[in-house]
Amino acid sequence: MKKELPPKPFLFPMPAVLVGANVNGKPNYLTVAFCGIMNLEPPMVALGLGRSHYTNPGIVANQSFSVNVPSAAMAAAVDYCGIHSGHRVDKSQVFKTFYGKLATAPMAEEAPLNLECKLIQVVELKADNLFIGEIVSAFATDDVLTDGFPDPLKLDPLCFSVTDRKYYRMGAEVGQAWSMGKDYQPR
Ligand SMILES: Cc1cc2nc3c(=O)[nH]c(=O)nc-3n(C[C@H](O)[C@H](O)[C@H](O)COP(=O)(O)O)c2cc1C
């Protein structure tokens with residue numbers, strides 16, 4: 001028997017990422033859990049951002065932003081960027097910033113994986129704005145790679161639960177995708 005719940009954004013796991021943008025000539029990072037991949041080729045990412053954030057005009061002005069995937073060990077720094085707004089606090093020095101080919105999307109050196117994004121579209125939703133970006137480059141530290149690509153267990157990404165507002169780690173491998181279902185017998 002299912003229990004009906006209120007319609008809340010109950011999706012698990014949610015990533016807790018750092019979105020970077022240059023605002024008023026300085027890097028600014030905010031924490032975002034409403035983040036997901038939307039298109040495979042070219043790879044696109046979408047962010048649900050509250051309209052009042054300091055970051056938003058910087059994304060529009062530069063037509064770029066970054067998605068920085070932190071490790072679980074970075075949880076306190078990530079939380080800091082989600083508590084404090086650039087409207088009141090200068091977050092430009094929280095991370096060591098580097099730039100890629102767009103030269104306007106600040107990326108956090110400390111995050112093991114960084115996605116450099118070109119802004120494609122802003123969609124106004126009821127409360128938030130959806131920022132859709134194309135991933136134009138990706139950067140990763142060597143120690144999170146296996147055979148040249150990001151390894152989720154090495155990355156140890158930070159996950160967020162909207163229910164209890166806590167951070168979690170990813171669990172263990174379950175099996176091979178596009179393979180485990182081959183012999184599955186539906187009832
Ligand atoms: C765990 C966590 C997840 C968050 N997820 C989002 C999100 O998905 N979208 C959003 O607009 N704000 C989110 N926030 C809130 C912003 O990070 C926060 O308001 C931040 O101070 C805005 O920074 P800015 O004003 O410098 O842009 C989250 C905060 C935390 C702590």
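Start at 1 and go down the list; that is how both ligands and their atoms are numbered.
For atom 9 (N) of ligand 1, the nearest protein heavy atom (residue, atom name, distance) is Gly48 O, 2.8 Å. Looking only at protein heavy atoms, the nearest one to atom 21 (O) of ligand 1 is His84 O, 3.1 Å. Nearest non-hydrogen protein atom to atom 22 (C) of ligand 1 is His53 ND1, 3.4 Å. The protein atom (non-hydrogen) at minimum distance from atom 8 (O) of ligand 1 is Phe34 N, 2.8 Å. In terms of protein heavy atoms, atom 1 (C) of ligand 1 is closest to Tyr167 OH, 3.2 Å. Annotation: atom 18 (C) of ligand 1 to nearest protein heavy atom, Gly82 O, 3.2 Å. Given atom 25 (O) of ligand 1, the protein heavy atom at minimum distance is Ser85 OG, 2.6 Å. If you check which protein heavy atom lies closest to atom 26 (O) of ligand 1, you get Gly86 N, 2.7 Å.
Within the listing of ligand 1, atoms 10 (C), 11 (O) sit less than 4.0 angstrom from a heavy atom of Gly50. Under a 4.0 Å criterion applied to the non-hydrogen atoms of Thr55, ligand 1 contributes the atoms 24 (P), 26 (O), 27 (O). If you number the atoms of ligand 1 from 1 as listed, the ones under 4.0 Å from a heavy atom of Asn28 come out as 24 (P), 26 (O), 27 (O). Numbered from 1 in the order shown, with element, the atoms of ligand 1 that lie under 4.0 Å from a heavy atom of Asp79 read 31 (C).
For an aromatic pair to be called close, the ring centres must be under 6.0 Å apart, and Phe65 with Phe131 fails this.
Checked by distance only, ligand 1 and Leu30 stay at 3.5 Å or farther apart across all their nitrogen or oxygen atoms. Considering backbone and side-chain N/O atoms, Ala33 comes within less than 3.5 Å of an N/O atom of ligand 1. Distances between N or O atoms of Phe160 and those of ligand 1 include no value under 3.5 Å. Taking only nitrogen or oxygen atoms, main chain and side chain alike, Thr31 reaches within less than 3.5 Å of ligand 1. Residue Tyr54 has at least one nitrogen or oxygen atom sitting less than 3.5 Å from a nitrogen or oxygen atom of ligand 1, judged on distance alone.
For His53 (side chain) and His87 (main-chain N/O), no donor-acceptor pair under 3.5 Å exists by modelled atom type. Distance alone, capped at 3.5 Å, is enough to place a donor-acceptor pair between the Asn39 side chain and the Pro42 backbone. Between the Ser66 side chain and the Pro106 main chain, a donor and an acceptor come within less than 3.5 Å of each other.
One finds no salt bridge joining Asp143 and Lys154 here, because no Lys/Arg side-chain nitrogen approaches an Asp/Glu carboxylate oxygen to under 4.0 Å.
In terms of the salt bridge (charged side-chain N to carboxylate O under 4.0 Å, His left out) criterion, residue partners of Lys26 (sequence neighbours excluded) are, by chain and number, Asp90. Listed by chain and residue number, Ser71, Met74, Thr141, Val144, Leu155 satisfy the side chain to side chain contact (heavy atoms under 4.5 Å, CB included) test with Pro112 (two or more places apart in sequence, or in another chain).
With a heavy-atom cut-off of 4.0 Å, Leu47 does not touch ligand 1 at all. Proximity of Lys91 to ligand 1, defined as any heavy-atom pair under 4.0 Å, is confined to the side chain (atoms from C-beta onward).
Both Leu119 and Val67 are members of a single hydrophobic cluster when ILVMFWY side chains are connected at heavy-atom separations under 4.5 Å. The hydrophobic clustering, which links ILVMFWY residues whose side-chain heavy atoms are closer than 4.5 Å, places Val60 and Val19 together. Transitive grouping of hydrophobic side chains (ILVMFWY, heavy atoms separated by less than 4.5 Å) keeps Met170 and Phe160 in distinct clusters.
Just one residue in the list Leu18, Val89, Val32, Leu30 forms a side-chain contact (heavy atoms from CB on, under 4.5 Å) with Cys81, and that residue is Leu18.
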Quiz prompt | Audit row: Phe139, Phe98, ring-ring contact (aromatic ring centres under 6.0 Å, His included) steps and yes/no | solution = CA-CA 11 Å; Phe139 301 87; Phe98 73 99; 5.4 Å; yes
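Within the structure, ligand 1 has Cys81 among the residues with a heavy atom less than 4.0 angstrom away.
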